[in-house]
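Atoms considered below: every heavy atom in the structure, side chains included; atoms not considered: hydrogens, waters and symmetry mates.
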Amino acid sequence: MKIVVVDDDKLVALSLKTILESTGKITVAAIGDSGESAVSLYTEHSPDVMLMDIRMQGMSGLEAGEKILALDKNARILYLTTFSDDEYIVKALTMGAKGYILKQDFEGIAPALEAVMRGQSIFGENIISKLPVLIKSKTQFDFEKYGLQEKEREIVELVAEGLSNKEIASELYLSEGTVRNYLSSILEKLKLRDRTQLAVFYYTDIRHTEE
């Protein structure tokens, strides 16, 4: 996997390069220190994934992400930041970023990059918990597109709202075992791994159907 790392702290960028390349699975093609350099480096290297900070001097990572996605709508952008500001999270989601993780989770960076390469969206647990509040609309999800039945639709919405299997069972007058079976079927249909990915998928798909 070829990536570009952009962070205005050169020490952080170099540390990331060392850590990620030590896995033997990741090559850091270039390092940038600004939003402007992110755009030019993406054009020059066409990386599999852009690993990018948000707050930088001059053009921010979010602004750079918008420009990159305008150039290539299939660009994979994974934001790595110390900030979990609500405004940043919503912006990253709605622009089409593939992930938003915090620098504190250093050990999770390489797995997150690999997951993004597999087509998954990666958002930390503390960010997932904010989604129902940050993104209000739920009416545009294209359930028919994914072949979900009525009961499966109800479960998807309740998972996206943050309810546990026990709470969903109580809400829909089902057993927890039945909810688990429904959830397994839903994840298989949508080719997702877990309920966290389901919540992210639900909200990011809304973004696409509203465009």
Side-chain angles (χ1 to χ4, degrees), residues 1-84 88-128 190-194 196-197 200-201 203-205 207-208 211:
M1 179 197 325
K2 181 174 69 173
I3 74 168
V4 167
V5 175
V6 180
D7 194 298
D8 62 357
D9 186 328
K10 189 172 183 179
L11 181 59
V12 169
L14 290 172
S15 297
L16 285 169
K17 174 179 170 66
T18 300
I19 292 169
L20 296 174
E21 290 193 330
S22 70
T23 66
K25 300 178 181 179
I26 299 170
T27 299
V28 178
I31 290 175
D33 60 5
S34 66
E36 290 85 355
S37 67
V39 177
S40 62
L41 289 173
Y42 184 86
T43 302
E44 180 180 353
H45 295 281
S46 298
D48 295 312
V49 184
M50 287 288 296
L51 182 63
M52 184 158 50
D53 196 4
I54 287 183
R55 286 190 183 178
M56 295 184 284
Q57 293 293 325
M59 183 188 297
S60 72
L62 292 171
E63 292 171 323
E66 288 184 318
K67 289 184 179 295
I68 290 169
L69 287 165
L71 294 170
D72 179 6
K73 66 180 181 180
N74 296 314
R76 302 183 186 95
I77 299 173
L78 175 61
Y79 284 110
L80 178 65
T81 178
T82 55
F83 306 100
S84 60
Y88 292 165
I89 296 168
V90 171
K91 184 71 171 178
L93 274 171
T94 55
M95 78 159 58
K98 297 302 182 184
Y100 187 117
I101 57 177
L102 300 181
K103 289 181 179 177
Q104 294 89 314
D105 183 22
F106 242 72
E107 293 181 354
I109 298 172
L113 286 165
E114 292 171 10
V116 168
M117 272 299 295
R118 293 194 298 268
Q120 299 171 5
S121 296
I122 302 298
F123 293 84
E125 288 290 343
N126 60 325
I127 292 169
I128 291 294
L190 300 179
K191 295 180 171 57
L192 300 173
R193 187 180 64 229
D194 53 39
T196 297
Q197 287 189 358
V200 172
F201 181 84
Y203 288 107
T204 53
D205 187 81
R207 175 182 58 79
H208 290 304
E211 288 179 348

Practice task
Enter the distance from L69:CG to R76:CZ here, rounded to the nearest 0.5 Å.
Solution key: 12.0 Å
Exercise for the section: Look up atom CG in D7 and atom CD1 in I31, then write down how far apart they are to the nearest 0.5 Å. Expected result: 9.5 Å
Handout entry: Pairwise distance CD(E66) to CE(M95) - rounded to 0.5 angstrom
Key = 4.5 Å
Problem - Atom pair CE/CD of M56 and E63 - distance to nearest 0.5 Å - result: 9.5 Å
Show me the donor-acceptor pairs, under 3.5 Å and distance only, between side chains in residues 9-16 and residues at least two apart or in other chains.
from	atom 1	to	atom 2	distance (Å)
D9	OD1	L11	N	3.0
D9	OD1	V12	N	3.3
S15	OG	L11	O	2.8

Handout entry: Over 12 foreign heavy atoms within 6.0 Å of NZ, K103
Key = yes
Exercise for the section: Can you see which heavy atom on V6 is nearest to which on D33, and at what distance? Expected result: CG1-N, 4.2 Å
Completion exercise
For A38 and A64, the nearest pair of non-hydrogen atoms, with its separation, is CB-CB, 4.1 Å
Exercise for the section: Locate the shortest heavy-atom distance separating A112 from L78; write the atom from each residue and the value. Expected result: CB-CD2, 4.0 Å
Handout entry: CZ-CG distance between R55 and L62, expressed to the nearest 0.5 angstrom
Key = 10.5 Å
Exercise for the section: For atom NZ of K2, decide whether the heavy atoms of other residues, nucleotides or ligands shown that lie under 6.0 angstrom number more than 12. Expected result: yes
Problem - Closest contact, heavy atoms only, Y42 versus A75 - result: OH-CB, 3.4 Å
Handout entry: Minimum heavy-atom distance between V49 and M1, given as atom pair plus value
Key = CG2-SD, 4.2 Å
Side-chain atoms of residues 19-29: list all donor-acceptor pairs with protein atoms under 3.5 Å, sequence neighbours left out, distances to 0.1 Å.
from	atom 1	to	atom 2	distance (Å)
E21	OE1	K17	NZ	3.3
E21	OE2	K17	NZ	3.2
E21	OE2	V28	N	2.9
S22	OG	I19	O	2.5
T23	OG1	L20	O	2.6
T23	OG1	K25	N	3.2

Practice task
First locate atom OG of S37, then atom CE of M52, and finally report the distance between them rounded to the nearest 0.5 Å.
Solution key: 9.5 Å
Practice task
Keeping the roles fixed (side chain from Y79, backbone from G61), state whether a donor-acceptor pair exists under 3.5 Å.
Solution key: yes
Exercise for the section: Give the minimum heavy-atom separation between V39 and M59, together with the two atoms involved. Expected result: CG2-SD, 4.2 Å
